[in-house]
Amino acid sequence: MGRIKPVVPQFVENQKSPMRASQFYIKTTREAPVDAETISHQYLARASFIQQIAAGIFSIMPLGQRSLEKIRKIIREEMNDAGGLEVTMPVVQPRSIWQESGRADTYIPPLAQFLDRREREMVLAPTHEETVSMMGRYGITSYRDMPLILYQIQTKFRDETRSRGGLLRVREFEMKDAYSFDVDDEGLDASYEAMAQAYHNIFSRCGLNAVMVEADSGSIGGKDSAEFVLLADSGEDTILICNSGDCEYAANLEKAEFIKNHNPSEEFDEVEKFATPGIKTIETLAEAEGVLTSKTAKAVFYTIGDKVYVVVIRGDYEVNETKVRNMMGGSEPRLSSPEEVAAAGFPAGSASAVGVPSEFVIADDSAIENVNLLAGANEDGYHLRNVNYGRDWNADHVGDIASAVEGHKCSRCTDGHLKQNRGIEVGHIFKLRNIYSDAMNVKFNDANGNLQSVLMGCYGIGTGRLLAAAVEANHDDRGMTLPRSIAPFEVVIVAVNMHNNEDVRDLAEALAEQLENAGIDTLLDDRDEAPGAKFADADLIGMPVRVVVSPRSIQNGGVEVKHRLTDPKDSTIHTADQALAVIQAALES
RNA sequence: CGGGGAGUGGCGCAGUGGAAGCGCGCCUGCUUUGGGAGCAGGAGGUCGCGGGUUCGACCCCCGCCUCCCCGACCA
């Protein structure tokens with residue numbers, strides 16, 4: 001009967017222990033869940049970074065947690081450098097503050113709501129303008145209190161009708177959201193620029209080549225707005241970028257402008273009505289007449305508020321609903337149902353603006369600047385030739401409401417054309433100006449003693465989406481190739497056969513400690529797995545530098561060092577004494 | 001919200017109106033140890049939920065739930 005000795009943990013100052021894979025929670029799989037379609041979803045799931053709980057709702061597992069924590073750290077550093085102050089605001093909020101801002105019933109997607117036990121109406125916050133306005137209102141009384149930038153890294157919930165793409169579009173997600181408070185437009189511009197620069201820094205440090213593109217400000221409202229976009233086919237954003245070398249114009253589809261070409265000028269011809277049985281689309285109409293679709297005017301019915309409008313655009317362009325919304329004062333347009341069209345007294349089929357009161361007509365300038373167009377006769381089975389704006393129809397609402405597509409002429413330079421790309425929106429910055437400060441009464445006294453509205457900006461980055469985007473941008477057929485800055489570990493030491501070989505064990509453990517004490521995030525893979533399994537895991541997870549300690553490597557003189565991006569066969573052998581310097585150099589490369 | 005598809009061990013899948021299976025993973029032992037090892041023996045499933053038909057339902061019928069994909073679209 002031996003005596004049980006009490007184990008007293010020893011605290012050793014400045015001595016760090018490397019993480020051992022046997023003590024960690026790495027559960028990779030060979031096969032991705034069948035519903036994982038995007039690369040990032042597949043690899044993040046296979047490498048046990050994330051676990052799906054419900055549609056658009058994920059848990060973050062230990063490996064993913066490490067990467068996200070590194071992303072958060074980078075964001076915090078850049079936000080703090082830009083003058084931001086970190087705060088935390090509640091996810092659960094009383095619905096009343098959303099009524100105060102006027103968004104309780106207008107936010108899209110609709111707010112997720114519930115009643116607490118006292119039957120008080122609560123919402124799950126999809127964003128935090130209301131609470132940050134309250135925080136500003138609490139203490140901002142003077143122009144001397146600004147500029148002020150507050151930010152948080154906090155969970156949001158948006159009840160999207162459809163989530164997709166793993167972490168790319170989810171319902172519950174973590175976001176860094178920052179809010180600026182300034183006394184005037186110059187101050188707001190400065191805060192906006194500071195955030196834009198911070199965003200460039202953040203994405204660059206996370207291994208993303210994100211482009212800043214002009215954007216519509218969307219349902220948040222406001223004035224200037226820009227998205228930061230990673231160009232990737234799996235993205236759901238459409239981006240138009242000028243292909244001219246000197247021109248830097250880039251905008252998303254909602255915002256993009258372009259130069260419209262004009263048909264050759266002609267004199268007005270007489271309107272002719274003619275039968276077009278069975279012709280329902282612009283394409284078949286143009287084909288039947290033997291003309292280009294640019295010689296047609298198409299008409300679409302949109303319901304805005306409680307009114308039905310005829311929206312007219314040249315046949316070769318598409319209506320951009322966001323532009324329509326902005327032209328019509330911000331109310332969201334939606335395509336009218338056949339019932340609504342009929343109820344409004346418009347004929348369904350072969351529609352046009354001819355004969356429609358101009359107050360119910362919205363026109364793209366392409367439809368009024370070209371002449372002798374084919375249009376519907378407002379009678380099923382008939383169309384009209386030579387329809388002209390001003391003579392045959394009129395519109396009270398005229399402007400650019402056309403969507404840009406690939407090949408359109410750039411509006412900012414002389415020779416460029418727009419190139420269309422898919423992209424993942426990883427950040428968005430807005431100038432809100434006084435929208436929320438007016439609604440939520442965030443005011444200050446200026447130097448002259450006059451009460452003024454604070455000018456606000458808001459700036460968001462989805463952390464989980466950033467991780468997924470980083471994987472989309474950094475992977476190969478073996479797995480993720482995350483940059484050192486956001487990989488869960490910087491170095492993995494694969495100890496081959498260490499449980500039967502003291503030399504391997506001693507060298508691997510000593511090296512791991514040496515690396516850890518040098519400030520390098522090290523994982524010692526001490527699992528009793530076949531070497532091939534450990535190599536495959538290291539590749540899948542994307543360990544930036546892999547070090548092999550094995551009987552063979554020792555026989556060859558030390559340890560093997562390999563960069564994740566190089567071929568598995570391209571490792572180099574180094575003595576134990578050289579190892580630290582070689583690994584540090586590999587991490588820097 | 002509309003259309004399509006799918007729910008069977010942790011993951012990927014097969015399956016038949018009559019005793020729930022395979023691969024991977026997991027556990028034990030032995031043998032192995034440089035690209036997801038071998039042998040032997042094991043553990044693990046209310047077949048999404050509820051109803052119905054039937055002597056008998058994972059299977060057929062009805063309802064519901066969940067998840068995925070496509071569309072949110074031009075008369």
Side-chain angles (χ1 to χ4, degrees), chain A residues 27-38 41-42 45-46 48 51-57 108-110 160-166 236 276 278-285 293 296-302 308-321 324 332-342 346-353 364 375-381 383 401-403 478-479 494-501 504 527-540 546 548-556 560 562 567-569 571 573:
Chain A
K27 294 292 169 182
T28 60
T29 59
R30 290 196 211 209
E31 293 181 277
V34 67
D35 27 291
E37 290 239 321
T38 58
H41 190 184
Q42 289 169 6
R46 279 188 55 203
S48 64
Q51 181 189 24
Q52 182 160 8
I53 300 302
I57 298 178
I108 297 173
E160 304 279 356
T161 53
R162 200 183 144 208
S163 50
R164 65 190 95 189
E236 50 182 1
T276 50
I279 288 181
K280 295 283 183 193
T281 67
I282 286 295
E283 286 69 30
T284 52
L285 175 66
T293 52
T296 69
K298 66 179 161 187
V300 192
F301 293 105
Y302 275 95
V308 176
Y309 292 85
V310 182
V311 178
V312 185
I313 191 167
R314 208 175 70 184
D316 54 330
Y317 294 135
E318 300 296 325
V319 173
N320 182 324
E321 293 181 10
V324 173
E332 206 69 44
R334 57 177 178 78
L335 284 173
S336 305
S337 66
E339 292 74 27
E340 287 173 318
V341 173
F346 297 125
S350 304
S352 78
D364 185 65
N378 286 329
E379 187 179 335
D380 201 17
H383 282 81
I401 54 165
S403 284
R478 286 180 284 146
V494 176
V496 176
N497 205 9
M498 83 179 256
H499 296 283
N500 303 324
N501 188 312
V504 169
R527 295 175 299 170
D528 192 14
E529 294 282 344
K534 296 188 186 185
F535 295 149
D537 280 352
D539 287 344
L540 176 63
R546 189 190 79 188
V548 177
V549 182
S550 69
R552 183 198 292 179
S553 77
I554 290 174
Q555 195 171 4
N556 288 342
E560 288 167 25
K562 182 188 100 63
D567 189 271
K569 296 185 286 269
S571 61
I573 193 96

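FYI, side chains are in, hydrogens and waters are out, and symmetry mates aren't considered; it's all heavy atoms of this structure. Per chain, numbering begins at 1; letters A, B, ... match sequence-line order.
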Query raised in the report: Whole-Å distance between B:C74 C1' and A:Glu318 CD?
Result: 7 Å
Query raised in the report: Is the shortest distance from a Lys or Arg side-chain nitrogen in A:Lys298 or A:Glu283 to a carboxylate oxygen in the other one below 4.0 Å?
Result: no
Query raised in the report: With rounding to whole Å, what would you report as the distance between B:C69 and B:U33 at their C1' atoms?
Result: 44 Å
Query - Integer angstrom distance from the C1' of B:C26 to that of B:C67 - result: 26 Å
Query raised in the report: Whole-Å distance between B:G35 P and A:Lys569 NZ?
Result: 11 Å
Report task. Tell me what A:Val548 touches on the nucleic acid: a base, only sugar-phosphate, or nothing, going by heavy atoms under 4.0 Å. Result -> base
Report task. Using the C1' atoms only, state how far B:A20 lies from B:A14, rounded to an integer number of Å. Result -> 11 Å
N/O to N/O distances under 3.5 Å, protein versus nucleotides 29-33 of chain B:
residue : atom : partner  : partner atom : Å
B:U33   : O4   : A:Asn500 : ND2          : 2.9

Query raised in the report: To the nearest angstrom, how far is A:Leu540 atom CG from B:G25 atom P?
Result: 15 Å
Query raised in the report: B:C30 and B:C47: how far apart are their P atoms, nearest whole angstrom?
Result: 38 Å
Using a cutoff of under 3.5 Å, can you pull out all pairs of nitrogen or oxygen atoms linking the protein to nucleotides 7-14 of chain B, with atom names and distances?
residue : atom : partner : partner atom : Å
B:G12   : OP1  : A:Val34 : N            : 3.3
B:G12   : O2'  : A:Glu31 : OE2          : 3.0

Requested in this report: Compare all side-chain heavy atoms of A:Asp35 with those of A:Gln52 and state whether any distance is below 4.5 angstrom.
Outcome: yes
Query raised in the report: With a non-hydrogen cut-off below 4.0 angstrom, is A:Glu560 in contact with a base, only sugar-phosphate, or nothing?
Result: base
Report task. Please evaluate the base of B:G35 for a donor-acceptor partner in the side chain of A:Arg546 within a cut-off of under 3.5 Å? Result -> yes
Query raised in the report: Can you tell which of B:G35, B:C67, B:C74 lies closest to the side chain of A:Lys562?
Result: B:G35
Query raised in the report: Roughly how far apart, to the nearest Å, are B:A57 and B:G25 at atom C1'?
Result: 31 Å
Report task. Fill in the dot-bracket string of RNA chain B, one character per base: . for unpaired, | for a pair to another strand, ( ) or [ ] for pairs within the strand, taking Watson-Crick or G-U pairs under 3.5 Å. Result -> (((((((..((((....[..)))).((((((.....)))))).....(((((..]....))))))))))))....
Query raised in the report: Nearest of B:C74, B:C67, B:G35 to any side-chain atom of A:Ala536?
Result: B:G35
Requested in this report: Indicate yes or no for a side-chain donor-acceptor contact from A:Arg46 to the backbone of A:Thr29 under 3.5 Å, with no hydrogens or angles considered.
Outcome: yes
Report task. Could you tell me the separation between the CZ atom of A:Arg527 and the P atom of B:G25, rounded to a whole number of Å? Result -> 13 Å
**Report entry** Residue mapping more 5' on RNA chain B - nearest nucleotide basis, A:Asn320 or A:Gln52
**Finding:** A:Gln52
Requested in this report: Find the distance between NZ (A:Lys562) and CG (A:Asp539) and round it off to the nearest 0.5 Å.
Outcome: 5.5 Å
Query raised in the report: Can you check the A:Arg46 CZ to B:C24 C1' distance for me, whole Å?
Result: 12 Å
Report summary line: Sorted by position of nearest nucleotide on RNA chain B, 5' first, the leading residue of A:Lys298 and A:Ser571 is A:Ser571
Query - Shortest non-hydrogen separation from A:Asn501 to A:Pro551 and the atoms involved - result: ND2-CG, 3.5 Å
Query raised in the report: Within this structure, what is the CD1-to-C1' distance between A:Ile313 and B:C74, rounded to whole angstrom?
Result: 10 Å
Report task. Evaluate the side-chain proximity of A:Thr296 to A:His383: yes if any heavy-atom separation is below 4.5 Å, no if none is. Result -> no
Report task. Give a yes or no answer on whether the side chain of A:Asp364 reaches the backbone of A:Ile401 with a donor-acceptor pair at less than 3.5 Å. Result -> yes
Query raised in the report: Do the side chain of A:Lys534 and the main chain of A:Arg527 share a donor and acceptor less than 3.5 angstrom apart?
Result: yes
Query raised in the report: How far, in whole Å, is B:C22 from B:G45 if one measures between their P atoms?
Result: 15 Å
Requested in this report: Could you state the atom-to-atom distance from CD1 of A:Ile53 to P of B:C68 in whole Å?
Outcome: 12 Å
Requested in this report: Would you mind reading off the distance between A:Phe301 atom CZ and B:C74 atom P, rounded to a whole angstrom?
Outcome: 13 Å
Requested in this report: Heavy atoms only: give me the nearest A:Pro531-A:Val496 pair and the separation to one decimal.
Outcome: CG-CG1, 3.8 Å
**Report entry** Interatomic distance at P, B:U53 relative to B:G15, whole Å
**Finding:** 29 Å
Requested in this report: Under 4.0 Å between any heavy atoms, over every strand shown, what does A:Arg478 touch: base, sugar-phosphate, or nothing? Just pick one.
Outcome: nothing
Report task. Quick one: closest heavy-atom pair of A:Pro568 and A:Arg478, and the distance? Result -> CG-NH1, 3.4 Å
Query - Minimum-distance pair of heavy atoms, taken over all atoms of A:Ala375 and A:Ser352 - result: CB-CB, 3.9 Å
Report summary line: Here the gap from A:Glu318 atom CD to A:Ser403 atom OG, rounded to the nearest 0.5 Å, amounts to 7.0 Å
Query raised in the report: Which value, in whole Å, describes the distance between the C1' atoms of nucleotides B:U32 and B:U16?
Result: 41 Å
**Report entry** A:Gln42 side chain to A:Glu37 backbone, donor-acceptor under 3.5 Å
**Finding:** yes
